[in-house]
Asker: 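One structure follows; several queries about it will come next.
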Amino acid sequence: MALLEVTDVRRAFGGLAAVDGVSFTVKPGQIKGIIGPNGAGKTTLFNLISGLLKPDAGRITFRGRSITGLKPYEIAGAGLSRTFQNPSLFLQMNVLENVMVGRHCRTRWGFLGCGLRWPGQAREERAIREAARAQLDVVGLAHLAGWSAGALPFGQRRMVELARALATEPAMLLLDEPASGLNTREKEDLGRLIRQIRDRGITVLLVEHDMSVVMGLSDDLLVLYNGRPIAEGAPAAVQNDPRVIRVYLGEDLQNDESGGDAPPRAPATPPATCCSR
Amino acid sequence: MPRLRLLFLLALFPVMVAGAQLGLRAAGMEYCLTQLTMSVYYALVVMGLCLLMGYAGQVSLGHGAFFALGGYTTAVLTTHDFSGIRACAGVGVLERAGLLVAQQDLYGQAGLSVAPWAAFAAAMLLTFVVALLIGYPALRLRGHYLAMATLGFTLIVSKLLLGSALTGSADGIHGVPEWKLLPGLTVSGRSALRVQNYYLACGLALLLLLGLRNLLRSRVGRALLAIHDRETAANAMGINTAAYKLKVFVLSALLAALAGVFFTHYTGGIAPSEAGALKSVRYVALAAAGGMANLWGVTVMSIALNYCSLRGWFGSYDNAVFGALLILIISLAPEGPLKPLGLWLRRLAGRPDPERRTPHGAP
Amino acid sequence: MQNESLALQYLLSGITKGSIYAVVAIGFNLIYSATGIINFAQGEFLMLGGMVAVTLAAYVPLPVAVTGAVALVALVGGLLELAFFRRLRRHSILHLVIITMGLSIVIQETALHIWDEKVRSLPYFTGNEVSSVRFLGAAISPQVLWVLGTVALAVLGLHFFLRYTLTGRAMRACSSNPEAAMLAGINIPNMRTLAFGLSAALGALAGCVVSPMTMTHYEMGAPLAIKGFAAAILGGLGNPMAAVAGGLLVGLLEAASVSCLPAVYNDVSAFVILLLVIFVRPQGLWGALAPDRVREH
Amino acid sequence: MLLQVRNLSCGYGSLEVVHGASLHVCHGEIVGLLGANGAGKSSLLKAIIGLLPPWAGEVFIDRRPTTGQPPWRSVSNSTVLVPEGKMIFADMTVRENLIIGGYHNPDRIRHLETVLDGFPRLRERLQQVAGTLSGGEQQMLALGRALMARPRLLLLDEPSMGLAPLMVKEVFTSIRKMKDLGLTVLLIEQNANAALRIADRAYVMETGEIVLEGPAADLAHNPEVKRAYLGKG
Amino acid sequence: MAGIGVLGTLWLTSSCSPPPPSEPVKIGALFSVTGPASFLGAPEEKTVQMRIEQINAAGGINGRKLQLVVKDTAGSPEKAVSFAKQLIEEEKVLAILGPSTSGETMAIKDLCEQNQMLLVSCAAAETIVNPVARYVFKVPQKDSQAATWIYRTMKEKGISNIAIVSSTDGFGAAGKKQLEDLAPAEGITIVANEVYDKQATDLTDVLTKIKGNPKVQAVVNWSIVPAQSIVAKNMKQLGMDMPLFQSHGFGNRKYVQQAGAAAEGILFPASRLLVVEDLPANHPQKEVLATYKKDYESRFKEDVSTFGGHAYDALLVVVEALKKAGEPEREKVRDALETLTGVVGTAGIFNFSPTDHTGLDLTAFEMLTVKDGQFVAYKQ
C-alpha cells in the first residue's frame, strides 16, 4: 500500500508545462529522492503535493485519501509536512518559537482562550513548548532555543526548519534541497538525521541537487527532465542510466547527425539495471 | 524569569498610571487627566491596529470608520427618542428589562432611549457583522487593494454619516448620556468624575494590553507573526491563514469600536470628523510611530502624541507635526523610536539584546 | 429640457470629472510601475500646480505661469524621490507608502502656511465664468473643453512617450523587468526619479486646467487623490490606459448616481461599486493578475 | 586579459555561496564555467556584473577595477550579462526589446539590422509581443538584445536551459558565430558536453569553489567532470 | 475613588474666585484656524487678535488688560471638547468666544452649561440657542432669519416653487433644515432638494437634475466656498437663467471675484458690513462697520468678511457685558450680557434677553445683490 500516490499530474504556467504527466508512488518507510537538472519541475511538483499550487490535471492521494486541491494547511493537518529550498524561518521569532509554530495544527485553543489565558490553554502552551524542545533535541539545537532565528547561520536554519516540520507530527516529510548551502560535515550530519527520521517511521521524499547526498541516502530515485519523469529506480541504476547521463552532461541527442565536429564520446556506460539494489 | 518579568510589568503600569495621577495632583495640574483619558481611548484603536498591521501584516485605512461605527451606534441609540413607539407591543418588555430607559436632558426634554449597556452590545454586534462583511472579501486581496478596500469603506461610512439626518449630518450627535458601568463607576466627562474615569480608561487599556499580550504569546500570536513573516510557510505549517487574518481584522475592528463607545460617552458626543480618511491615516501614523509590531511602544507613543495634540501643543501645526513625525520616524527608525530605548533599558538591566545574540560557533 | 439632452448633460459632467480622475490615476500608475509605491501625495501635485500657477499668473502671462508651475512641481516631484525614496530603498513598500501619506499631510500644511486657507483660481483660459458652449442641447463651459483637450493631449503624449521614445521605452522596461533593465544599462534610480517628476508634472498640469472651474485651495488634493486611487485600482494598477478608463468610469458612475439617487450619495455609490468590482476582480477591470507562482521572499 | 576575477566571494543573506573564486578570460576566447546546480556559477556571474554585492575579492574588466559598481555601469564597459531564465521584457514587442538592448548604443537603429541578420527568426516576429514567443525564441531575443549593446565581453548564463534539443543546437551555433564576430564569451552551462564543444577553455565549479581548469578538449575526457555532476559512481 | 473626586471638585471650585484688579482678564477663543472650516476660523482669529490689541492699547476695560487664549480646533469637535475643558479648568477664562462651526459649538454646549462657562458662539445654527442654555449665546444672525428674508424676497418676485441645494457640512445642513421648516408658513413649495459634498469640484450633474425639473422657478444654494461660486458658474454655463439665492455665507467679496461674471444678480441676505460704503452717513452701524473694515483691510491686506465680523461681535458683547458688570466675575458678566441692549455690532444691533440669546432681529439683515462685481443693496 503506497503512502503517497501521484497520478498523471500536470501543471502549466502560461502555456509552458512545468510538470506534465508525472506519476509515482512513495511507500511507507521509504526515503525517496527526486532529481533532475535546473528547470526540471521538481519544486513545482513539491508545491503541487503540498498544496501551494493546484494541479491542472491529475490526482494526488495520501494515506488513501485524495488531497488534490486541498489548502496547504489542510494537507499539513493530514500529516504531510515540508521544508523549503531557502529555509523560510519566521525571522521575528526565536528558534524555539519557530518550532512551536509547527505544533499549530495539532493544537486547538483560539483567540478568546489565548487572550484570557484559560487554564487549559496554559497547559496546552506548556505542552507545545515541551514538544518543540524535544524536536530541537532531535536536530541537536536545543542549546539555541532562545536565539533569534535571524541570527543563525544558514546550516542551522535548515535544521530548525526541519525541527519545525517534525513538530507537526508528519507521517511524511517533503524536503526541498535540504543539503544546499551546507558544508561537508553538515551534509553528513543531515544524512544521518534523515535516516534517523526514517527509522522513527516517518517517510521522506526529497528533492536534492547534491548527488553524493541523494545517492547515498535514497532507497529509490525519480528523475525529472523538462517536467516529465525519465527514469525511476534504485540510485545505482539511475546513475548509470544513459538517459540520465545525457540530460545531466548534455550529450547531444542529435550527435549522430552532427558530423565531424562531434567531440569524443564519453566512455560507454553499462546498461541500466533496475534491480541492482 | 518570564514570570518575574510579567509581574514586573503588571506592577509597573499601575504604578506609572497612579504616579502620573498623583504627580499631576501634586503639581495642581490634575485637569491634564482629561486629555490623558481621551488619549488612552484613542490608544485602544491603535492597539488593535498594531495587532493587525504589526503582527498580521495587514494595512487598514478603515479604523477611523470602525471607531465611528461604535461611537455612532451608541450615540444614536442612547439619544434618539423612542417614545414614539411606546405603543408598540414588546416595548414594555424592553423597558422592564432595562433596555429602554426614560431620560431627561439638560434643558428638560424627556425621552425614551436605549440603555447604554444595550447600546454598547448593539454597537459591538454591528461592528462584528460589518467587519466580517468587509473583511471576508477584503482579506483575500493583497497589499494596495486591501488598503483601497478599507479606504473605500471609510469613505462610504463618512459620507453616509454626513448625509443622513439620523446621525445628525455634519453636526454629529451630542448630549450622549453618562454610562453607569457599575455602581460607583460611571463613564462621564464631568470634572468631578475625572480621576475615576482616568483610572477606568487606564484599567481598560491595561486589561486589553494584558489580553493582547497573552494572545500574542500564544499559538495564535505565533500564527499571526508567521503569517506576516512568510505567509506561504505559515500555511504549509498548518495555519489557516485566511481564517486568522479575518479573525484578527474583526478583533481589531471591535477594539476600535469599543474605544469609540467609551470615547463617545466620555466626551458626550461624536461627529463625522472621527470617520474621516485623515483620522484613519492618523491611526496608521500612530501605529507606525510606535514601531508597529510593538504593543507597548505603540500604546505609549499613541498616548503621548495624542495627548500633545489634544492639549493643543502643536497649535495650527498639529497635522503638520503628525505628518513630519511620520516621515521622520519611518525613514530613520522604522521599528519605532522606542525600540532603541527599550534595548538601552535592557542593557541597563544587564540583559543581552535579543537581536545581537549569535550562537556559539557562528562565523 | 428633453431627456436626451439631459442624459447628454450627465454624460458630459461624468466625462469632465472622470478625465480629472484619469490624470490623477495615471500619475499613480507611473509611480507604481516604476517603484511599486502607491503615492498618496499624488493629489498634492494638483494642488501645488494650481497654487504655483495662480501665484505666477500675477506677474507673467497665463501660458508662462502654467508652464512655470508644471516645471516647478515636476522638480518638486523629482526632489521628493531623491530625498526620500532613493535613500530608503531598504524600507518595505508598506513603510514607503506610509511615508507618502506623511508627505501628503506635510505638503498640504506647508501650502496652508505658504499661501493661506483661501480659495484661489486661475482666470478662464477662454471666455469667462458664464460663457458656455451649446452641444446637442447640452451646455458646457469652454474650460471643460480645455480640460478634456489637455487631458487627451497629455494622455496621448504620455502614450507616445512611453511607446516611441527611447527613454519612455526604458521606463516601461524598468517596470516590466527591473533586473533585465539594469543589465541593459538602464540607470533604474534615475528612471524612478523621472517617473516621480513626470507624474508630478502631469498632476500640476491637471491642477492648472481645472483651477478656473473647481478652484484651488490647500485641501483640494486629498479628495482627488482618493478618487484617482480608486480609478487606478478600478482600471488595474500598472496600466496607464486602464487608468484612463478607470477614471472615466468613476466619473460616469458618479454622474449616473446623481441622476437617480440623492446627490449626497454619489461618492457612496461610486465606492460601493468599486468595492464590488475589486472583490470580484482584485486585479481591476483591465489589469493583469500577477503570475500565479509561488514566490518565496 | 579582458576579464580578471580575483578571490571573489559573494552570497545571499548569511549564506556565502562563492568562496574566493578566481578566473580570467582573454580577448577572443570562449570560456566555459561548468558545474552542477547550486555550485555557485550564476552567483559568481552576478557578482562580476554587480547584481550581487561582492563580499571580498576584485573584478577587473579591461584592466580597470569594476568591483561593486552598479550593474547598469557595466554596459558602458562593453560587458553584458544574459541572465538565465529568459529575462525579457514580456509585455513589450521584440523590436522594443532589442532597442532597449541598445540603450547606450547611439547607432542602435542601424545596428538592429546587423543583429537581426544573425537571428532571422526574430526578424519574422519583430512586432510580436515578446511574452508570446516560444522558449527558444525568447532565448534568441535575450542574446540578440545583449548584442545590441555591441559588447566586447558577453556573459551567458545557461542559454540552453529548458530548451528543446533542436533549439539548444541553434543557440550554440549562434554563440559560436559570436566568437567569429570577435566577441569574448564567458559561458555558464550545465550541459557540459555541449559547452565543452564550443569552448576554448573551461572552469569547473563545485560548492562555491573552482576545482578544475583547463583547455576544453582535456576536460571533455576528464572523469572528474562527470563526478562533479553526478556524484561518486 | 469617589473621595478623590470630591476633593478634586472642592479644590477646583475653591480656586474660582475673581482675580485681583491688576491681573488681566482672560478671554478664551476656539477657532477653526486650520482644517476644513479655516475660511471661518482664520479671519475670526485675526479679528479677535487685532481687537484685543486695540482694546489693550486703549487702556483695557475698567483698567484691566485683556489676555487672549486662542486654540485652533481644526474643525474637529473632539478637539473643541478637549480645548474647552482646558479653557474652563486650567485657564479659567472669563468667557469662550467661538467655536466657528455649529458642530463644534453643539459638542461643547452642554459642557459649558454644566460648568457655568460663558460661551459666545460664532456659528449660526438655531439649535445653539434653542433650547436656551443659560450660559450659551451666539452672535451671528439666525439661519431662520436668513431663510425668512430669502422667502419674503421670493414672494415679492412672485416665486413659489423652488429648488434647494446645500452642502453636507454643518452650515449647509442647518440652512437646509430652516428652509424646509419655514417654507409652508411662507407659502413656498420645495420641488427639488439636493445635498452635495462640500468638497465637490463640479456641480453640473446636480444642477442638471434641477434643470430637468420644469417646475423650479428659483434656486437657493446654502453652502460655503468653493461650492458657492461653483453653483453660480455651473448654473450660468448650463443656461439656467432663473434667480439664484445664496445664504448669508456668501459674505466675502473674494467669492464674488471667484464667481466672476456668474455672480451677477445673485441675491442673498447679509449684514451691512459688505455694503458699508452705500450706507447713509447717519446709519447707526456705519461708524462701527467702516472702522472695522478699514482696520482689518489695512492690517491683513485682505477683504473683510462677515465671519471675521462675528468674532468682532462676540468679543464686543463680552466686553460690553464686562464693562456693565464692572468686575470680571462670570456670573455677573453673564447677567449683564443677558440684559445688554442697543449694542451696535457688525451684524446688527444686539438686544439680548433671557429668552433670546442671539439678540438680533430681522433688521440685522439686508438683501444684497451683486452688480458689476460689487455688493449692493437689493431694491425691488
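Quick note on labels: first sequence line is chain A, next is B, and so on, each numbered from 1. Owing to the predicted nature of the structure, the values given are computational and were not obtained by experimental measurement.
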Asker: Would you mind checking which part of L88(C) comes under 4.5 Å of any heavy atom in chain B, side chain (CB onward), backbone (N, CA, C, O), both or neither?
Answerer: side chain
Asker: Hey, which of I105(C), I93(C), T110(C), I107(C) has the most heavy atom pairs under 4.5 Å with chain B?
Answerer: I105(C)
Asker: Enter the distance from S331(B):OG to H95(C):NE2 here, rounded to the nearest 0.5 Å.
Answerer: 10.5 Å
Asker: For Y265(C), is it the side chain, the backbone, both, or neither that has a heavy atom closer than 4.5 Å to a heavy atom of chain B?
Answerer: side chain
Asker: Report which part of A149(B) has an atom under 4.5 Å of a heavy atom belonging to chain C: side chain, backbone, both, or neither.
Answerer: both
Asker: Tell me, side chain or backbone of S316(B) under 4.5 Å from chain C's heavy atoms, or both, or neither?
Answerer: both
Asker: Could you tell me which portion of L151(B) (side chain, backbone, both or neither) has an atom closer than 4.5 angstrom to a non-hydrogen atom of chain C?
Answerer: side chain
Asker: Heavy-atom distance under 4.5 Å to chain C: side chain of L278(B), backbone, both or neither?
Answerer: side chain
Asker: Quick check on I98(C) against chain B: is it the side chain, the backbone, both or neither that has a heavy atom closer than 4.5 Å?
Answerer: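 Both parts, heavy atoms under 4.5 Å.
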Asker: Does any heavy atom of chain B fall under 4.5 Å from the side chain of L96(C), the backbone, both, or neither of them?
Answerer: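 Neither part; nothing is under 4.5 Å.
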Asker: Using non-hydrogen atoms and a 4.5 Å limit, figure out which bit of H91(C) sits close to chain B: side chain, backbone, both or neither.
Answerer: side chain
Asker: Heavy-atom cut-off 4.5 Å, strictly under: side chain, backbone, both or neither for V280(C) against chain B?
Answerer: neither
Asker: Between chain B and each of S269(C), G284(C), A230(C), count heavy-atom pairs under 4.5 Å; write down the option with the most.
Answerer: A230(C)
Asker: Nearest 0.5 Å, please: how far is OG1 in T154(B) from CZ in F271(C)?
Answerer: 10.0 Å
Asker: Taking side chain as everything from C-beta outward and backbone as N, CA, C, O, which of these in L275(C) sits under 4.5 Å from a heavy atom of chain B? Side chain, backbone, both or neither.
Answerer: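 Side chain only.
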